[in-house]
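Right, one structure below, let's go through it.
All ligand and atom numbering here is 1-based and tracks the order in the structure.
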Amino acid sequence: MRVLGIETSCDETGVALFDEKNGLLGHRLYSQVAKHAPYGGVVPELASRDHVRKLIPLVDELMRDQNQSPDDIDAVAYTAGPGLIGALLVGASTGRALAWAWGAKAVAVHHMEGHLLATLIDNSEVTCPFVALLVSGGHTLLVAVEEIRRYQLLGDTLDDAVGEAFDKTAKLLGLGYPGGPALSKLAQSGRDNRFAFPRPMTKRPGLDFSFSGLKTAALTVWRDHKDNPNAAADVAASFQQAVVDTLIIKCRRALKQTGFRRLIVAGGVGANQPLRAQLKAAAEREGWSVHYPPLDLCTDNGAMIAYAGLVRLRAGADEGLPIWVRPRWPLVEVAS
Ligand code: KG4
Ligand code: ZN
């Protein structure tokens with residue numbers, strides 16, 4: 001089986017070809033970051049229009065480079081949610097139309113399930129059960145996975161997602177959008193213990209997160225210290241360390257609660273190097289294992305959607321002709 005994957009839930013247009021036997025054949029990504037940067041965040045209408053402009057040319061380019069004709073494609077998988085409604089509709093209607101024209105099946109994919117399953121691509125070490133930490137611009141989820149497609153929510157954010165907190169703090173420091181990678185880079189030259197930021201919701205039991213207080217703490221400290229030498233780098237490093245500590249405390253707690261010995265981390269913030277390094281060290285110390293998708297498949301991409309589509313196809317999925325999207329779609333409802 002060979003699947004074309006299409007991702008258009010936010011500000012990246014991603015396409016990929018995944019083959020059941022040979023794995024990922026190729027993928028293409030077009031980022032709209034430059035388009036949204038002047039506005040300091042994603043402008044939904046501009047995102048939809050850019051997906052319209054880029055999606056078909058990207059599919060064409062990928063099919064040509066991989067020497068594929070429509071007859072070679074068994075299914076088209078597309079992100080149906082969660083995400084921006086207009087952006088999702090571009091991918092879903094294009095994906096469904098291509099499937100119809102090519103006589104292929106159509107599969108609607110949950111974006112966060114795509115992030116989660118990306119960890120399993122070319123990685124036979126990762127088997128169920130495991131705990132998944134899904135950290136992106138819109139979500140911060142801890143999920144118990146006893147079986148693929150059966151997801152039990154352990155923890156969620158009560159306010160800002162962790163990527164959102166990175167982006168807002170980066171904006172505060174004048175680093176532009178999206179700020180996560182830029183903040184992390186700046187933090188390399190800062191002291192992570194200069195400012196004592198909170199580790200939110202770690203003192204009481206439970207697996208939920210809250211990041212808006214941490215963001216406000218960064219704002220207050222920045223206001224008081226912005227004229228001091230190296231303040232921006234020190235705020236960045238102290239903020240990042242507070243986030244990393246918080247995530248690690250909750251992951252450890254989730255592993256203890258479930259009794260599972262395996263953790264997977266996916267979503268854009270999963271590309272954060274200090275998070276990776278410190279989770280690895282904790283895992284080695286404490287006798288559990290931690291796994292990630294390849295770095296380029298941590299942030300939004302078409303490969304994770306193609307792969308998740310294949311997993312769904314194996315379970316018998318085929319959407320038929322209706323085109324639907326679900327901008328708010330809890331991961332736990334994916335199998336219902
Ligand atoms: O998964 P993703 O590409 O898109 C969504 O589904 O949201 O995640 C994007 C988020 C952004 O908030 C971005 O700032 C953050 O991931 N991010 C990072 C890093 N790379 C991306 N945050 C911290 N450190 C990074 N290296
Ligand atoms: Zn994402």
* Asked: Any side-chain donor-acceptor pair under 3.5 Å between Asp160 and Ser212?
  -> no

* Asked: For the Zn ion (ligand 2), what is the closest N, O or S atom on Asp300?
  -> OD1

* Give a yes/no answer: is there an N/O/S atom of His139 under 2.8 Å from the Zn ion (ligand 2)? => no

* Structure fact -> min-distance protein heavy atom vs atom 22 (N) of ligand 1 -> Gly180 CA, 3.5 Å

* To the nearest 0.1 Å, how far is atom 7 (O) of ligand 1 from its closest protein heavy atom, and which atom is that? -> Gly137 N, 2.8 Å

* Nearest-neighbour protein heavy atom for atom 15 (C) of ligand 1, which is reported as residue plus atom name and distance -> Val269 CG2, 3.9 Å

* Under 4.0 Å, heavy atoms only, figure out whether ligand 1 is touched by the backbone of His111, its side chain, both or neither. => side chain

* To do: Evaluate the ring planes of Phe195 and Phe197, with Trp represented by its six-membered ring, and classify them as parallel (under 30°), tilted (30 to 60°) or perpendicular (over 60°).
  => tilted

* **Partner of Ile73 under side-chain contact (heavy atoms from CB on, under 4.5 Å), chosen from Lys105, Met63, Met1** => Met63

* Please could you name the atoms of ligand 1 that Gly268 approaches to less than 4.0 Å, counting only its heavy atoms? => 1 (O), 2 (P), 8 (O), 16 (O), 17 (N), 18 (C), 19 (C), 20 (N), 21 (C)

* Any idea which N/O/S atom from His115 gets closest to the Zn ion (ligand 2)? -> NE2

* Give a yes-or-no answer on whether the side chains of Gln273 and Ser184 include a donor-acceptor pair shorter than 3.5 Å. => no

* Which segment of His115 sits under 4.0 Å of ligand 1 when only heavy atoms are counted -> side chain

* For Thr299, atoms of ligand 1 separated by under 4.0 Å from a heavy atom -> 3 (O)

* To do: For atom 13 (C) of ligand 1, find the nearest protein heavy atom and state the residue, atom name and distance (0.1 Å precision).
  => Asp167 OD1, 3.7 Å

* Asked: ligand 1 versus Asp300, non-hydrogen atoms closer than 4.0 Å: side chain, backbone, both, neither?
  -> both

